[in-house]
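Read through the structure below, which is laid out as structure tokens, and then see the notes.
Just so it is clear, the model here is predicted, and its values are computed rather than measured.
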Amino acid sequence: QVQLAESGGGLVETGGRRTLSCAASGPTDSRKCMGWFRQAPGKEREAVAHINTGRNSTYYADSVQGRFAISQANAKNVYLQMNSLKPADTAKYYCAARSWAPYGGSCGGLGEYDYNYWGQGTQVTVSS
């Protein structure tokens, strides 16, 4: 059983930066892909970034490409470095894990229904 716990959310000014952390427990081989998603009030949950934990390959939504960076450490922690934050980035951010390998090995393009473990989320608010 994989358990995920996010931290690092908070209030940040436009143009600022924030790093979110996801502490993962449970079998390492049960985390083939790790992802960050976000959900703003009244909106659907959307994928932000993914990482293939075996290949260390990363994938980003167009809206955060070049501003956000996903990384992993020690096969347990996953991070989301967020730079040049905008009010549109305000949302609750969730860490997710997928326990089976994606077709072709790519974690890119996966949606929320492609992940089977979720954290409780951490709120990020970007003030204008």
Exercise: identify the closest heavy-atom pair between [X] and [Y]:
| X | Y | answer |
| --- | --- | --- |
| Gly105 | Asn52 | O-ND2, 2.6 Å |
| Tyr117 | Val2 | CD2-O, 3.5 Å |
| Ala69 | Tyr60 | CA-OH, 3.2 Å |
| Ser127 | Thr14 | O-OG1, 2.6 Å |
| Leu4 | Ala24 | CD2-CB, 3.6 Å |

State plainly whether one hydrophobic cluster holds both [X] and [Y], where clusters connect Ile, Leu, Val, Met, Phe, Trp and Tyr through side-chain heavy atoms under 4.5 angstrom apart.
| X | Y | result |
| --- | --- | --- |
| Met34 | Tyr115 | no |
| Val78 | Trp118 | no |
| Val48 | Ile70 | yes |

In Å and rounded to the nearest 0.5 Å, what is the [atom1] to [atom2] distance from [X] to [Y]?
| X | Y | atom1 | atom2 | answer |
| --- | --- | --- | --- | --- |
| Lys32 | Leu110 | NZ | CG | 14.0 Å |
| Gln1 | Ser30 | CD | OG | 9.0 Å |
| Leu20 | Glu6 | CG | CD | 8.5 Å |
| Lys92 | Thr122 | NZ | OG1 | 8.0 Å |
| Ser128 | Lys86 | OG | NZ | 14.0 Å |
| His50 | Ser57 | NE2 | OG | 11.0 Å |

Within 6.0 angstrom of Gln123 CD, more than 12 heavy atoms from elsewhere: yes
Test side-chain contact (heavy atoms from CB on, under 4.5 Å) on Met82 and Asp89; report intermediate values, then the result. CA-CA 9 Å; Met82 305 184 294; Asp89 296 317; over 6 Å; no
A side-chain contact here means heavy atoms from C-beta on lying under 4.5 Å apart; do Cys107 and Ile51 qualify? no
Looking at [Y], is its backbone amide N or carbonyl O close enough to the side chain of [X] to form a donor-acceptor pair, meaning the two atoms are under 3.5 Å apart?
| X | Y | result |
| --- | --- | --- |
| Ser21 | Tyr79 | no |
| Thr53 | Arg31 | yes |
| Asp114 | Arg98 | no |
| Arg18 | Val126 | no |

So which pairs with a foot in residues 81-103 pass ring-ring contact (aromatic ring centres under 6.0 Å, His included), sequence neighbours left out? none
With no hydrogens and no angle check, do the side chains of Thr19 and Gln81 hold a donor and an acceptor under 3.5 Å apart?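 Yes, side-chain donor-acceptor contact under 3.5 Å.
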Exactly one candidate in Leu80, Val64, Val124 meets side-chain contact (heavy atoms from CB on, under 4.5 Å) with Arg38; the answer is Val64
